[in-house]
Amino acid sequence: MLRFLSGIPVLLAGLLAGCVALPATETGRVGQRRIEYAQIGHGSPVVVFENGLGASMRHWSEVFPEIGNEATVFAYNRPGYGGSEPASTP
């Protein structure tokens, strides 16, 4: 039983690692909708992180700051994900 319980902190650390927020996260308006985004870095090239399969921009938390050391990086949450308002139309 103690052996089983000793693995719980490792499991929790793994689960919480996915909850890391991107640096410089903000919300802004695009038309009438609030969109959550993050942008860091400067200069060229510009790298845009696109989410898919129901993921949020937080899935980029490990590579976002690293690439931001070399380029301007931008990520956003699609409507209805993260802090972005859901869309009323497709």
Side-chain angles (χ1 to χ4, degrees):
M1 180 69 161
L2 286 177
R3 189 176 198 183
F4 171 75
L5 293 176
S6 66
I8 291 177
V10 174
L11 176 63
L12 288 175
L15 291 173
L16 292 175
C19 297
V20 175
L22 294 180
T25 299
E26 300 182 34
T27 57
R29 289 230 169 263
V30 176
Q32 298 297 316
R33 190 175 302 130
R34 185 186 48 152
I35 301 293
E36 182 180 36
Y37 67 93
Q39 179 180 336
I40 61 171
H42 59 280
S44 295
V46 176
V47 179
V48 178
F49 288 88
E50 184 72 32
N51 306 324
L53 299 173
S56 77
M57 67 183 191
R58 285 171 184 75
H59 283 85
W60 300 112
S61 64
E62 291 186 31
V63 296
F64 189 84
E66 293 297 321
I67 295 175
N69 290 328
E70 306 287 330
T72 300
V73 291
F74 178 83
Y76 70 98
N77 277 321
R78 292 174 178 249
Y81 294 94
S84 293
E85 290 178 343
S88 59
T89 59

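The structure displayed is predicted, hence computed values, not measured ones. Values below: all heavy atoms of this structure, side chains included; hydrogens, waters and symmetry mates excluded.
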Closest non-hydrogen contact found for Ile40 with Ala24 is CG2-CB, 3.7 Å
Across all chains, not counting sequence neighbours, the ring-ring contact (aromatic ring centres under 6.0 Å, His included) partners of Tyr81 are none
Name each donor-acceptor pair under 3.5 Å that joins a side chain in residues 64-74 to protein atoms two or more places apart or in another chain, with its distance.
unit_1 : atom_1 : unit_2 : atom_2 : d
Thr72  : OG1    : His42  : N      : 3.4
Thr72  : OG1    : Gly43  : N      : 3.1
Thr72  : OG1    : Gly43  : O      : 2.8

Hits for side-chain hydrogen bond (donor to acceptor under 3.5 Å, both in side chains) against Glu50, two or more places apart or cross-chain, chain-then-number order -> Tyr76, Arg78
In short, salt bridge (Lys or Arg N to Asp or Glu O under 4.0 Å) pairs touching residues 80-90 with sequence neighbours left out are Arg29-Glu85, Arg34-Glu85
side-chain hydrogen bond (donor to acceptor under 3.5 Å, both in side chains) filter on Gln39, not counting sequence neighbours, yields none
Residue set satisfying side chain to side chain contact (heavy atoms under 4.5 Å, CB included) with Thr25, at least two apart, ordered chain then number -> Leu22, Glu36, Ala38, Met57
_Is the shortest side-chain heavy-atom distance between Arg33 and Pro79 below 4.5 Å?_
yes
Would Val48 end up clustered with Ile35 when hydrophobic side chains under 4.5 Å apart are linked, directly or stepwise? yes
